[in-house]
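Note sheet for the following structure.
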There are 2 protein chains.
Amino acid sequence: MPSDKTIGRLSLYRSLLSRILRAGDSHIFSHELAALAGNTSSQVRRDLMAIGSNGTPTRGYDIRSLIQSIGECLDAAGGERVALVGVGNLGGAILGFFAGRRPKLSVVAGFDNDRDKAGRVLYGVRCYAMEDLPRVIDQQGIRVAVITVPASEAQDVADRLIRAGVRGILNFAPIRLRTPAGIYVEDVDVTMSLEKVAFFARQSLTHKG
Amino acid sequence: MPSDKTIGRLSLYRSLLSRILRAGDSHIFSHELAALAGNTSSQVRRDLMAIGSNGTPTRGYDIRSLIQSIGECLDAAGGERVALVGVGNLGGAILGFFAGRRPKLSVVAGFDNDRDKAGRVLYGVRCYAMEDLPRVIDQQGIRVAVITVPASEAQDVADRLIRAGVRGILNFAPIRLRTPAGIYVEDVDVTMSLEKVAFFARQSLTHKG
DNA sequence: TAGATTGTTAATCGATTAACAATC
DNA sequence: TAGATTGTTAATCGATTAACAATC
């Protein structure tokens with residue numbers, strides 16, 4: 001099974017390749033893709049090996065078939081239905097961000113504490129009350145969820161999602177979720193990221209003069 | 001200089017410790033913090049060493065002074081002023097998310113292509129036209145910026161920010177920015193993260209049954 | 001063919017973990 | 001004191017990079 005990081009890079013390669021394809025090119029060399037992705041050609045070749053690469057020494061890789069191979073690796077055959085818990089500002093932005101971006105990955109249900117949101121369509125997604133979570137997750141066959149609730153509620157939400165059958169969580173709350181083995185959690189901690197940027201921006205200045 | 005990952009963990013430790021402090025505890029052992037942060041006590045001790053740790057074998061670490069030490073490491077003495085380019089849905093959510101969260105890190109200027117936004121206060125931040133970017137960045141002494149524009153515009157925005165004096169960028173566009181040495185870029189690629197979650201959620205199922 | 005690139009393995013590098021004397 | 005934890009270094013692990021024969 002490919003590593004966490006390899007999968008992440010394959011996802012990046014696909015976005016980059018889609019843009020290249022729209023620009024008109026049909027083939028690409030490993031060092032060209034590496035320059036776009038910000039890594040080495042060695043690594044690109046090794047990553048593409050993981051999905052059964054199709055390059056030739058003279059023309060490089062066929063972009064179309066590369067995108068297809070990456071899709072066969074990353075995408076679920078029938079598409080993946082996703083739930084989002086916490087339909088606030090951040091949740092709404094995430095919904096807007098994903099809308100139509102990946103046809104195989106669609107957010108089909110939103111849940112929120114606020115009862116007034118239940119039954120409505122917000123940011124393009126149908127919203128439900130928290131008490132309907134187990135039923136909706138089960139009926140829709142949802143296995144992936146996004147958590148955009150405050151840190152104080154995130155662990156409880158994660159527990160409920162996992163009980164309902166969710167196997168992968170994208171967590172925006174700035175805590176580490178405690179989950180049983182076999183559950184994949186990816187944390188996106190925006191505050192942490194900005195603090196890192198601020199720190200190293202400062203270092204680069206003090207370092208120079 | 002501490003590594004990228006160490007700084008990220010210190011930021012996480014600080015959020016976790018602030019929550020603990022509010023809950024009433026005054027001291028914490030490395031293995032307790034490790035459990036909260038999802039890593040090993042060895043690593044916690046090594047990370048805290050980097051900021052001059054203050055633990056004792058009998059009582060562990062004093063939470064208050066730990067939070068202060070982390071602050072002295074992470075925060076700029078006079079606070080850091082941040083700009084955000086792309087005051088759309090995602091940008092607005094980020095602004096709402098940061099509002100009042102870190103007193104030493106405040107977004108003080110928003111920039112957008114949309115001329116109608118210039119001069120207004122949106123999501124709590126004063127907005128400017130793109131042509132005012134060099135002047136505002138310079139006058140306000142801004143060294144850190146957040147990019148929440150579409151991928152097609154991100155590189156151009158980054159170039160402008162760097163020319164204006166920005167040294168660190170938090171990039172939400174799904175491309176890798178090309179930047180000169182000494183500029184720190186942190187990528188937050190939400191689509192990539194969700195694709196990773198979907199992939200490993202699926203693997204955990206096929207692996208088990 | 002000559003030359004550049006691919007697929008793939010070996011070498012390197014860095015980060016994490018394990019270990020342990022010192023300490024409260 | 002005995003016992004657990006700290007600060008710190010050595011061992012381990014995994015990921016990245018370099019190298020190179022095979023290929024177009």
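Quick note on labels: first sequence line is chain A, next is B, and so on, each numbered from 1.
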Salt bridge check: are [X] and [Y] linked by an N-O gap of less than 4.0 Å?
| X | Y | value |
| --- | --- | --- |
| A/Asp75 | A/Arg14 | yes |
| A/Asp159 | A/Arg163 | no |
| B/Arg19 | B/Asp25 | no |

What does the list of N/O pairs under 3.5 Å between the protein and nucleotides 22-24 of chain C look like, with a distance for each?
{"residue": "C/dC24", "atom": "O3'", "partner": "B/Thr58", "partner atom": "OG1", "Å": "3.4"}

CE of A/Met192 to CG of B/Leu10, rounded to nearest 0.5 Å, is 10.5 Å

Side chain to side chain contact (heavy atoms under 4.5 Å, CB included) test vs B/Val108 passes for just one of B/Val82, B/Ile142, B/Val125, namely B/Ile142

Please give, in whole Å, the distance from [N] [atom2] to [X] [atom1]?
| X | N | atom1 | atom2 | value |
| --- | --- | --- | --- | --- |
| A/Met1 | D/dG14 | CE | C1' | 15 Å |
| B/His31 | D/dT5 | NE2 | C1' | 8 Å |
| A/Lys5 | D/dC13 | NZ | P | 18 Å |
| B/Ile7 | C/dA15 | CD1 | P | 13 Å |
| A/Asn54 | C/dT6 | CG | P | 11 Å |
| B/Asn39 | C/dA18 | CG | P | 12 Å |
| A/Glu32 | C/dA4 | CD | P | 15 Å |

Cation-pi, B/Phe98 ring and B/Arg102 (6.0 angstrom, 45 degrees)
no

Just checking, B/Arg202 and B/Phe200: is the charged tip under 6.0 Å from the six-membered ring centre and within 45° of the axis? no

Within residues 43-50 of chain A, the residues having a heavy atom closer than 4.0 Å to DNA chain D are A/Gln43, A/Arg45, A/Arg46

Requested in this report: Could you check A/Ser15 against B/Ile175 for side-chain contact (heavy atoms from CB on, under 4.5 Å), going step by step and ending with a plain yes or no?
Outcome: CA-CA 8 Å; A/Ser15 328; B/Ile175 62 162; over 6 Å; no

Need one value for A/Asp4: base, sugar-phosphate or nothing, where a base atom within 4.0 Å counts as base even if backbone is also close, heavy atoms only. nothing

Item to check | side-chain contact (heavy atoms from CB on, under 4.5 Å) assessment of A/Glu195 paired with B/Leu105 | outcome: CA-CA 8 Å; A/Glu195 287 190 335; B/Leu105 209 53; 3.8 Å; yes

Of D/dA15, C/dG7, D/dT5, the nucleotide closest to the side chain of B/Phe29 is D/dT5

Closest to the side chain of A/Ser53, out of C/dA15, D/dT16, C/dG7, is C/dG7

Every stem of 3 or more Watson-Crick or G-U pairs under 3.5 Å that DNA chain C joins, in order of first number, is C:3-24 with D:3-24

Start with the C-alpha gap between B/Glu80 and B/Lys104, add the side-chain angles, then the distance that decides, and say whether salt bridge (Lys or Arg N to Asp or Glu O under 4.0 Å) holds. CA-CA 6 Å; B/Glu80 194 79 64; B/Lys104 296 277 188 176; over 6 Å; no

- Should A/Ser42 be listed as having a side-chain N or O under 4.0 Å from OP1 or OP2 of D/dT16? no

Q.
OP1 or OP2 of D/dT5 versus the side-chain N and O atoms of B/Ser30: is any pair under 4.0 Å?
A. no

How about A/Gln140: does its CD atom have over 12 heavy atoms from other parts shown lying under 6.0 Å from it? yes

| request: Inspect the surroundings of CZ in A/Arg178 and state if more than 12 heavy atoms from other residues, nucleotides or ligands are less than 6.0 Å away. | output: no

